[in-house]
Structure formats: C-alpha cells, structure tokens
Amino acid sequence: MSHFSNVPKIRYEGPSSKNPFSFKHYNPDEVVDGKTMRDHMRFAAAYWHVMRNGLSDPFGSPTAVTPWDDQSNSIDNALKRADVFFEFLDKIDIDYYCFHDRDIAPELNNLAKSNEALEKVTDHLLALQKANNKKLLWGTACLFSHPRYSQGAGTSPNAEVFAYGAAQVKAAMDATLKLGGEGYTFWGGREGYSTLLNTDMKRELDNLASLLWLAVDYAKKIGFKGQFYIEPKPREPSTHQYDSDSAACLNFLRQYDLLQHFKLNIETNHATLAGHTMEHELTVALDANALGSIDANRGDELIGWDTDQFPTDLYLTSSIMMKVLEMGGFTTGGLNFDAKRRRESHEPEDLFHAHIGGMDAFARGLKAAAAIRKDGRLGDFVAKRYATWNEGIGAKIGKKAVTLEEISAHVLSSPEPVIASGRQELLENLVNEFI
Ligand code: XLS
Ligand code: NI
Ligand code: NI
C-alpha cells in the first residue's frame, strides 16, 4: 500500500520542467568532474525529521499529517513507520539514511525492553535496506530527550546516568554494525552546562572523553570499521555546549588523544549559531584532515535557534561543494538532510518538495564548484597572493631556518614592503559568473 499515492517516483526532467515532482538539476547518473552526481553527494535522509518530526514549535503543537502513524509507542507502529520511510527513500531516490536509536524504535519501561524493541525494528530495517537497495550513512544514540539526560549524558554529574548513556551507545553501535552503517555520530545534545556554579567542567570533559574511548574500544571488539564523528553545535539546548564549533571539537579530540579515531560531522545551522559561516567550519575541519560528513540544512538569519531549514541557497551549496571537492570527495560521509519542513508545510507531499529543493540546490552547487575549480582563476589568485612565501625570507621562515636576528637584518636592508590588493570584490564577481 502506498502512503504517498499522489507522489510519483522523482526523476530528472531538466531545468525547463514545470513538474514540481521532478529534479530540475539533480541528475543522479550525470558525471561531473569525474564522478556521478549520486556518488559526489551521497545524499541521506534523517529518520528523525522525515518520520518523527511532528513540526511542533515552542508555541504550538504538531501539525504534520501522518495517517500511517497511530501515535502509539508500540513496536508495531515503529515497524509501520519504517515501511513508510523506505517508500519515501525509494520515491525520492535517496540512497542513505541516518537515525537515532529512539527515532526508529520506542524507548520502553527499561533498557532490556528498549533493546529488544531496537533488535526487532533493526531486523525489519535490514530487510527493507536489502529489498530497496538502501544504506545506512550513520547511526547514533539519542542521549538528550529522556529526562534522565536533562543534566547531560557523558557529562552528567551522576555516574549512573553516564552508565545508562554508555549502555545505550553500546546498543546503538550494535544496531549500526548490524545495518552496515558507514559511520557512528556523537552529537552532544546535553553535553554542556547551564551554570558554572554547579559544574565541575574538567571532570565533565574527562568523562565525555571516556565515553568516546569506550566506544572506540568497543568498535574494535565488535569489528565495527565505520567512521566515528563528532557533530559540533554551540548553545541550544545548554547555555554552553562543550562541542561548540569545529575548533573546540578538534581541541577536545587532540587533548584526549582521540583525533585519530574521529572526524567531524558539520551542520550548517550549527555553524550559524556559533557565529561562523559553514565555509569557515568546513575549512577548519578540512585543514585538520578531519572533515567527515555534513548535516545539510540552513538557519534563518532572523531566528536565533536551530531552525533546520532545507538548504536552497546556491551560494551556500556552492561553497560547501567547493570544500568537498577540495577534500577529494566524501569517503564514509555524505550530505545528510538534517532538515525539517516549516510548521506550515504539514502535508506528506511537502517532504518531497523539501528534499527535491535541497538536492537540486546541491546539484547546482556541485556544478558551480566544479566549474570554478576548472576555470582556475580563483585558485591561481590565492596561490599568487602567497607567492612571497615560496622564496627568499618567506621560504626560510616557512622552513624555520632563520633566527629573529637574521630576520631583523633582512628588514633593515630591505625597502618597505608593498602589499597587493585582496581583490575581494573582483573575486565575488568571479564567483557570480558561475552561479
Ligand atoms: C541537533 C542535531 C542532531 C544530530 C544528531 O541539532 O543536529 O539532529 O544531527 O543527533
Ligand atoms: Ni545534525
Ligand atoms: Ni541541528
């Protein structure tokens, strides 16, 4: 039985199509810069937004129309939702998905019952993956919704709560392994503080690192070869979140010797909340060789929370794809639409319009980015801008083959430096040629 009976399978029809249920730019098998679009993007859908987000906001109740969902906490309802989700994946032509343990299966009276439910649902998901040729990009444990985690999970002041969270991570890793997940994500939903008056920050960070080390060790034991990710996000929900941005995450990983085991999963709206551009966050990660995956969405400039909107801004998607191409493409990661419809877009078909828009925007971003790189003027400009580092005093400083006295002598015998224009406007115009 179809749950989206008014929606056909979405196919590429080209830019002149007026059919809203078609891709205008995302042509999965078209080769761009040596790879198909499908392989460049590795699109994923987020189970929590597609199946579990009722579209409530802090001022109002859910609006999403979900006739397939009886709103119960039953395993049967969870199994039914999985069927609907795979029909969605099939029709939208997205190959990957991501989930939290509690999105796919209910949290029941105790951990044993919850684990049992997770087993049953993941059996079903495995069958659906095989039948529909879909894959799991990453799994994660929800360590932020239940009241027990209101003061943190890995950073809880209570060791029994930490233990509960760790046990949930174990089960979520088992589930991810079983489903062939290519990654496992830690988003520290409640890993932060509301006030330092009651907080032992050093202990909390030590404990958070212990949780990650426990996961790394367990992965070896069970043969999970997927990539671990940390997903940075500042404020919301806490006053301060420890994983506030890429730089903070990298510092944390280095301090606890975890950098070899983790990469970052970077989300656009979280970059915005941190007061950075997405481009900045990606660059910080890329330079540390730690860019792993992307949660594709965008924030609203006028609203100070994680609005998780679908990415439709071509400048944004182009700058993201520039970084992805610079990295040489995704390996285990992908573009996961961690995005939800607006509360007003409550009909099931809106799920399709939302994802089609995001996929088309990334297709155009990919093409623009590939063209800018092929054109070469931007890259050449940057290379030339730093040319003084390739010879003379610059090369010596770069090699650390010079003392402060020698540098001083050099300057004393040289004319005043002449610097070239940064040409920001020219470069902005150049980028516009391609968008
Ligand atoms: C919330 C986060 C979350 C993570 C997965 O803001 O983006 O959805 O991606 O736990
Ligand atoms: Ni996210
Ligand atoms: Ni988010």
Side-chain angles (χ1 to χ4, degrees), residues 43-58 96-105 107 136-146 149 152-155 165 168-169 171-173 175-176 181-192 208 211-212 215 226-238 240-246 249 262-276 278 281-282 285 291-300 303-311 316 320 333-342 354 358:
F43 286 126
Y47 203 97
W48 55 100
H49 283 309
V50 176
M51 296 318 296
R52 306 306 308 276
N53 198 325
L55 307 180
S56 58
D57 72 12
Y96 289 90
Y97 71 109
C98 300
F99 65 72
H100 303 84
D101 51 357
R102 301 308 182 230
D103 310 329
I104 53 172
E107 171 139 22
L136 179 63
L137 191 69
W138 50 260
T140 185
C142 177
L143 305 184
F144 46 89
S145 288
H146 193 281
Y149 299 125
T155 62
Q168 230 183 290
V169 167
M173 285 178 63
T176 303
E182 298 184 23
Y184 186 91
T185 294
F186 285 87
W187 171 56
R190 303 269 170 194
E191 314 296 19
L208 184 57
L211 180 61
L212 302 190
Q227 176 65 51
F228 281 113
Y229 305 112
I230 288 195
E231 180 175 331
K233 181 177 182 181
R235 55 197 162 104
E236 202 201 78
S238 314
H240 180 82
Q241 300 269 132
Y242 294 130
D243 299 331
S244 55
D245 65 2
S246 290
C249 286
F262 278 80
K263 289 193 170 178
L264 302 187
N265 176 42
I266 300 184
E267 176 169 321
T268 315
N269 205 158
H270 299 177
T272 321
L273 291 176
H276 303 308
M278 180 62 166
E281 287 295 86
L282 294 174
L291 175 51
S293 199
I294 289 176
D295 269 9
N297 63 14
R298 87 186 141 95
D300 187 307
I303 304 178
W305 77 61
D306 201 13
T307 55
D308 285 347
Q309 282 164 250
F310 276 84
L316 173 67
I320 291 175
L335 292 168
N336 169 44
F337 287 115
D338 191 353
K340 63 175 188 243
R341 298 163 284 162
R342 299 305 84 202

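Order of listing sets the numbers, starting from 1, for every ligand and every atom in it. Please read these numbers as outputs of a predicted model, since none were measured by experiment.
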Discussion item. side-chain contact (heavy atoms from CB on, under 4.5 Å), that's the test. Do Glu231 and Glu267 meet it? Break it down for me.
Written reply: CA-CA 7 Å; Glu231 180 175 331; Glu267 176 169 321; 2.9 Å; yes

Practice prompt. Output, by chain and residue number, all protein N/O/S atoms separated from the Ni ion (ligand 3) by less than 2.8 Å.
Written response: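 Listed by chain and number, the atoms are Glu267 OE2, His270 NE2, Asp306 OD2.
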
Item to complete: Go through the steps to decide whether Thr185 and Cys98 satisfy the test side-chain contact (heavy atoms from CB on, under 4.5 Å), and finish with yes or no.
Response: CA-CA 10 Å; Thr185 294; Cys98 300; over 6 Å; no

What are the two closest non-hydrogen atoms of [X] and [Y], and how far apart are they?
X	Y	answer
Pro234	Gln241	C-CG, 3.7 Å
Thr140	Trp138	CG2-CZ3, 3.8 Å
Ala285	Leu264	CB-CD1, 4.0 Å

Item to complete: List for me each residue that meets side-chain hydrogen bond (donor to acceptor under 3.5 Å, both in side chains) alongside Tyr184, sequence neighbours excluded, and say none if there are none.
Response: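 For Tyr184, no residue satisfies side-chain hydrogen bond (donor to acceptor under 3.5 Å, both in side chains) once neighbours in sequence are set aside.
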
Worksheet entry | With sequence neighbours excluded, residues passing side-chain hydrogen bond (donor to acceptor under 3.5 Å, both in side chains) with Tyr149 |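 Only Gln168 meet the side-chain hydrogen bond (donor to acceptor under 3.5 Å, both in side chains) criterion with Tyr149.
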
Dump all N/O pairs between ligand 1 and the protein below 3.5 Å as a table: atom names plus distance, one pair per row.
unit_1, atom_1, unit_2, atom_2, d
ligand 1, 6 (O), Lys233, NZ, 2.9
ligand 1, 6 (O), His270, NE2, 3.1
ligand 1, 6 (O), Asp306, OD2, 2.8
ligand 1, 7 (O), Glu231, OE2, 2.7
ligand 1, 7 (O), Glu267, OE1, 2.7
ligand 1, 7 (O), His270, NE2, 3.3
ligand 1, 7 (O), Asp338, OD2, 2.8
ligand 1, 8 (O), Trp48, NE1, 3.4
ligand 1, 8 (O), Asp338, OD2, 3.0
ligand 1, 9 (O), Glu231, OE1, 2.6
ligand 1, 9 (O), Glu231, OE2, 2.9
ligand 1, 9 (O), Asp295, OD2, 2.9
ligand 1, 9 (O), Asp338, OD2, 2.9
ligand 1, 10 (O), His100, NE2, 2.6

Worksheet item: Within a strict 4.5 Å, meaning less than it, do heavy atoms of the Met51 and Tyr97 side chains meet?
Response: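 Answer no - side chains too far apart.
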
Item to complete: Would you please say whether a donor-acceptor pair under 3.5 Å links the side chains of Asp338 and Asn297?
Response: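 Short answer, no.
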
